[in-house]
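Reviewing the structure listed below.
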Number of protein chains: 2
Amino acid sequence: MKNSHVTQDTDPLLYDGHKRYHPGLSVDCVIFGFHDNQLKVLLLKMSHTDQRWALPGGFVLKDEDVESAAHHVLQSRTGLDNIFLRQFYLFGEVERSDRELNRKMLQGRGVDPHEDHWLLQRFITIGYYALVDFTKALPRPDELSDACDWWDFHNLPPLMMDHARILQKALEALRQQLNREPIGYNLLPEKFTMPELQKLYETILGKTLDRRNFQRKMLAYGILERLNERRSGGAHKAPYLYRFDLASYHKALEEGFSGGW
Amino acid sequence: MKNSHVTQDTDPLLYDGHKRYHPGLSVDCVIFGFHDNQLKVLLLKMSHTDQRWALPGGFVLKDEDVESAAHHVLQSRTGLDNIFLRQFYLFGEVERSDRELNRKMLQGRGVDPHEDHWLLQRFITIGYYALVDFTKALPRPDELSDACDWWDFHNLPPLMMDHARILQKALEALRQQLNREPIGYNLLPEKFTMPELQKLYETILGKTLDRRNFQRKMLAYGILERLNERRSGGAHKAPYLYRFDLASYHKALEEGFSGGW
DNA sequence: CCAAAAGTGTTGCTAATACACCCATGT
DNA sequence: ACATGGGTGTATTAGCAACACTTTTGG
């Protein structure tokens with residue numbers, strides 16, 4: 001693992017990032033998880049920004065693929081490798097850069113930047129969304145932030161710059177790809193119940209679905225394997241546990257699932 | 001209209017592009033048209049590149065939105081304004097840049113670049129696809145190319161760098177958005193026949209569709225207006241002309257059209 | 001024993017598919 | 001007149017939505 005990212009050994013990079021990074025380009029990751037029947041995203045509380053939160057992000061080394069930089073961000077914020085990751089949009093408006101905010105953050109770290117400091121230039125950012133197993137991620141703040149926490153997607157704190165818009169776009173992408181990508185598989189733990197899977201779909205789609213029709217349709221895809229276990233401990237009838245059948249899942253994804261929700 | 005783009009007044013820019021453009025970033029446009037029942041793309045024959053063709057592209061001014069740069073490319077290659085344009089993918093691999101090719105192109109124009117010339121750096125490129133009315137576009141080469149022509153998407157010439165991959169990705173995006181974006185409306189002339197519309201769909205989807213079911217489904221959307229004209233001159237029965245009913249079209253698009261093809 | 005959640009089943013409708021038939025036109 | 005493509009119609013089927021009943025569990 002390289003240790004030349006801004007997330008480690010930061011301060012020298014605040015000065016000479018222009019030598020290492022592809023100029024004017026950042027990567028922001030919307031890291032989705034699912035827990036307590038809520039769609040979650042991982043956010044960082046940025047230091048010296050008036051309690052604003054931000055998406056985990058980073059820069060792209062000059063000799064590094066952009067996607068690889070996104071994987072680095074993922075790895076350093078969650079400790080996870082081999083994460084499901086999809087590019088979804090490039091945010092390229094001029095006015096999305098916030099020179100004053102960056103100046104404040106630099107000054108907060110004791111750096112008084114000259115006017116053409118690399119971090120005060122205009123930046124475009126490429127958005128990636130990631131799907132992780134909430135139970136396996138170990139959130140860690142980076143050197144520019146005080147905290148790293150999961151937030152309910154539908155109840156977010158104040159965000160930096162255009163990060164609220166980036167999150168919105170990420171959800172739209174997720175919705176559109178619900179039938180093309182293994183979204184359930186990547187967001188849920190290995191074993192899960194049908195109601196859990198349904199809640200996940202409902203949360204992403206923003207609407208409720210009929211319990212019985214949902215189950216029938218899901219099972220009809222032939223990608224789920226019902227286990228001889230139930231989730232007990234709930235207040236009511238114990239639901240069965242399911243597991244994705246990987247072979248048929250990937251085969252089905254090649255075609256995309258039929259029908260919409 | 002700005003005249004500071006590489007497509008005009010080029011040679012000075014070959015030297016001092018680094019002062020004007022966002023560094024290491026280009027924009028490439030896949031400009032789709034439809035003619036003679038073929039899906040067409042507009043390509044440039046690049047000078048000094050061994051007869052290779054390329055997507056129309058350009059750079060992004062330091063104070064210009066990325067999307068606006070894409071519109072400039074469109075305008076300068078086709079003469080058209082207010083074009084339907086959608087971002088579809090950022091190509092960010094390190095090895096997509098071809099330093100030697102760029103060196104050749106510069107030398108072909110009489111420039112012998114030093115090693116850190118701005119055009120020899122690594123570039124990432126953001127792909128946009130555009131939908132234009134073939135009959136209204138006026139293809140014009142830029143200063144780096146000898147020709148600008150429409151090509152059948154399914155019968156392309158040798159392409160530069162990773163442009164074949166970019167085209168492939170553009171088609172995939174087009175397919176996925178066929179039911180979400182006004183693709184027929186932007187690719188066809190104002191009046192068109194049902195068989196023409198069907199061929200367009202078939203070409204994009206890469207499969208044939210049943211003539212009668214296609215017509216029924218299309219009409220069921222309620223977005224087409226049948227005119228009291230027919231297209232005569234064909235060798236057989238003259239088909240009706242249709243026109244999109246804009247009001248209902250845009251309303252329908254908000255929901256996306258039901259069902260797939 | 002009851003409320004609440006989960007498992008299972010049925011019905012009716014809509015929409016996609018797979019066809020057949022007639023009409024118009026240029027050769 | 002006929003081959004070809006275009007306009008219109010119909011039967012069948014598959015998938016989806018709406019809804020009812022039974023079972024299990026903790027309190």
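Naming: A, B, ... by sequence-line order, numbering from 1 per chain. All values reported here derive from a predicted model rather than from experimental measurement.
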Gln198(B) CD to dG6(D) P, in whole Å, measures 9 Å

> Can Glu202(B) and Gln198(B) be counted as having a side-chain donor-acceptor contact under 3.5 angstrom?
Replying inline: yes

Lys40(B) and Gln38(B) have their tightest heavy-atom pair at NZ-OE1, 2.8 Å

Notebook entry, point to check: Where the side chain of Arg231(A) meets the backbone of Pro239(A), is there a donor-acceptor pair that is under 3.5 Å apart?
Noted result: no

- Using distance alone, with no hydrogens and no angle criterion, decide if Gln177(B) and Tyr129(B) have a side-chain donor and acceptor under 3.5 Å apart. yes

Separation of dG26(D) atom C1' from Arg231(A) atom CZ, nearest Å, is 17 Å

Met194(B) atom CE is separated from dA24(C) atom P, nearest whole Å, by 19 Å

Met218(A) CE to dG7(C) P, in whole Å, measures 15 Å

Rounded to whole Å, CG of Leu197(B) lies from P of dG6(D) at a distance of 13 Å

Donor/acceptor link under 3.5 angstrom from Arg212(A) side chain onto base of dA20(D): yes

Ranking Leu219(B) and Asp210(A) by the position along DNA chain D of their nearest nucleotide, the one closer to 5' is Leu219(B)

Between the CZ atom in Arg226(A) and the OG1 atom in Thr193(A), the distance rounded to the nearest 0.5 Å is 12.5 Å

Rounded to whole Å, the CG-C1' distance (Leu209(A) to dA18(D)) equals 14 Å

Whole-Å distance, Asn213(B) CG to dT12(D) C1', equals 12 Å

Practice prompt. Classify the nucleic acid contact of Arg226(A) as base, sugar-phosphate or nothing, counting any heavy atom under 4.0 Å across all strands shown.
Written response: sugar-phosphate

Check: Arg211(B) side chain, dG5(D) base, donor-acceptor under 3.5 Å: no

Contacts of Arg216(A) and Ala235(A) projected onto DNA chain C by closest heavy atom; the upstream (5') one is Ala235(A)

Taken to the nearest whole Å, CZ/Arg230(B) to P/dA24(C) is 8 Å

request  = Give a yes/no on whether any side-chain N or O of Gln215(B) is located under 4.0 angstrom from OP1 or OP2 of dT8(D).
outcome  = yes

The answer to which of Lys237(B) and Ser232(A) contacts DNA chain D further toward the 5' end, by nearest nucleotide, is Lys237(B)

